[in-house]
Amino acid sequence: MKNIIYALYDNDEMILKEIKRINFLKIKIKNIYSPFPIHGIKLKSPFNIKIFYYGLFGFLISSLITWYSMILDWPQNIGGKPSYSFYLNFPSFIPILFEITIFCTAHFMCLTYFFKCNLYPGSFPKNPDGRTTDDKFLMEIRLYNNIRNFVNFLKTNGVLEISIKK
């Protein structure tokens, strides 16, 4: 049975120290709720591989559009470059390939972020404690066993509140 432990802190430096201690124990932290971005938190992001795939998609789409419009559909002799080969004209296509790749990556990442964080119209907030939007910091940890020992471990480093949800 999975238990969710919420540890509430009032200082960002304290929560950073606690994150380092918990990571040293090889316990996975599910999420951190904070009223502002905290630099130095080393949690795995669900967005890393998605960014690569969105960039790859943008590059492939821009390559297809450029090949179709400049080589297949309407070839033109611009500056003496051969109009029959995408490979030979590739250096002149780099700016548009770059721009469409960045465009697709940025827009798809915004959409992914909105859906991952439930920020679309009609959604309900995921924040377990409303005080994290004001001045408190919350750490969400999921454990299967040794909950009592872990709660005692958390109490040794300035936690304000600990709540357990089963």
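The model shown is predicted, which means the values in this text are computed figures rather than measured ones.
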Listed by chain and number, what are the side-chain contact (heavy atoms from CB on, under 4.5 Å) partners of [X], not counting sequence neighbours?
{"X": "Ile94", "value": "Phe90"}
{"X": "Leu64", "value": "Trp67"}
{"X": "Ser92", "value": "Lys81, Asn89"}
{"X": "Leu60", "value": "Leu56"}

Step by step, would you call Ile100 with Ile96 a side-chain contact (heavy atoms from CB on, under 4.5 Å)? CA-CA 6 Å; Ile100 294 177; Ile96 191 65; 3.9 Å; yes
What pairs with Ser63 under side chain to side chain donor-acceptor pair (under 3.5 Å), at least two apart in sequence or on another chain?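 For Ser63, no residue satisfies side chain to side chain donor-acceptor pair (under 3.5 Å) once neighbours in sequence are set aside.
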Mind checking what makes side chain to side chain donor-acceptor pair (under 3.5 Å) contact with Arg142, not counting sequence neighbours?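 Once residues adjacent in sequence are excluded, the partners of Arg142 under the side chain to side chain donor-acceptor pair (under 3.5 Å) criterion are Glu140.
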Transitive ILVMFWY cluster of Tyr33 at side-chain heavy atoms under 4.5 Å: who else is in it?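 Result for Tyr33 is Ile4, Tyr6, Leu8, Leu138.
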Which hydrophobic side chains are connected to Leu160, either touching it within the sub-4.5 Å cutoff or through other members that do?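 Members alongside Leu160: none; it stands by itself.
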Would you be so kind as to tabulate the donor-acceptor pairs closer than 3.5 Å made by side chains of residues 107-115, with sequence neighbours excluded?
residue : atom : partner : partner atom : Å
His107  : ND1  : Phe103  : O            : 2.9
Thr112  : OG1  : Tyr54   : OH           : 2.7
Thr112  : OG1  : Phe108  : O            : 2.8

Which residues pass the ring pair (Phe, Tyr, Trp, His ring centres under 6.0 Å) test with Phe137, sequence neighbours left out?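 Partners of Phe137 by the ring pair (Phe, Tyr, Trp, His ring centres under 6.0 Å) criterion, ordered by chain and then number, come out as Phe36.
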Please tabulate, for side-chain N and O atoms in residues 11-20, each donor-acceptor pair with protein atoms closer than 3.5 Å (sequence neighbours left out).
residue : atom : partner : partner atom : Å
Asn11   : OD1  : Glu13   : N            : 3.0
Glu18   : OE1  : Arg21   : NH1          : 3.3
Glu18   : OE1  : Asn157  : ND2          : 2.6

Which residue pairs satisfy the salt bridge (charged side-chain N to carboxylate O under 4.0 Å, His left out) criterion with at least one member in residues 148-162, sequence neighbours excluded?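 Qualifying pairs: Arg131-Glu161.
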